Amino acid sequence: MERIIFVETGTGMDTHGQDVTKASIRAVQNAIHYNSMPGIKNYLPDQSLDNMVVNVKLAVPADAHLVDMEKIIAEIPYGSVTVEIIDGGMATSSGIVLEEQDDKNDLMYIVIAAVEVGY
């Protein structure tokens with residue numbers, strides 16, 4: 001990315017089921033769903049959303065290899081998207097195991113996202 005225009009952050013969790021993709025999607029949604037970029041075209045080459053570059057960074061506490069990258073990319077409506085996963089986030093007890101929620105244990109996974117937008 002040549003120039004970062006803004007960075008938005010978010011968190012997401014999967015309380016039951018230990019699904020890091022679900023927690024990651026929620027973190028990305030949390031980052032992007034509370035902002036608007038009405039003037040973004042003015043900063044992009046050729047004033048085109050096709051020239052927007054979006055870098056998604058996810059801090060994932062466990063099972064990083066199970067994150068479905070295509071589902072993460074599908075959350076970003078415009079531009080060229082990359083996803084980087086780093087160690088981080090949190091795995092902590094939910095206090096209960098609910099087999100009907102596909103729990104394997106009592107952990108909830110919390111993922112942190114940083115979404116960089118630029119060109």
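In what follows, every heavy atom counts, from backbone to side chain, and hydrogens, waters and symmetry copies are set aside. Computed from a predicted structure; not experimentally measured. Numbers here are sequence positions counted from 1.
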Interatomic spacing from CD1 in Ile110 to OG1 in Thr92 - rounded to 0.5 Å: 6.5 Å
Distance (rounded to the nearest 0.5 Å) between Leu58 CG and Ile86 CD1: 8.5 Å
Point-to-point distance, once rounded to the nearest 0.5 Å, from NZ of Lys104 to CG of Asp63: 7.5 Å
Flag for Tyr78-Asp50: side-chain donor and acceptor within less than 3.5 Å: no
Thr82 side chain to Asn55 side chain, donor-acceptor N/O pair below 3.5 angstrom: yes
N/O donor-acceptor pair under 3.5 Å between Asn51 side chain and Leu44 backbone: no
Shortest non-hydrogen separation from Pro61 to Gly89 and the atoms involved: CB-C, 4.0 Å
Within one Ile-Leu-Val-Met-Phe-Trp-Tyr cluster: Val117 and Ile72, side-chain cutoff 4.5 Å: yes
Side-chain donor-acceptor contact under 3.5 Å, Gln18 with Asp103: yes
Nearest-0.5 Å distance that lies between atom CD1 in Ile112 and atom CG in Asn30: 11.0 Å
Ser48 backbone acceptor or donor facing Asp46 side chain under 3.5 Å: no
Taking every non-hydrogen atom, the tightest pair across Lys22 and Asp14: CD-OD1, 3.3 Å
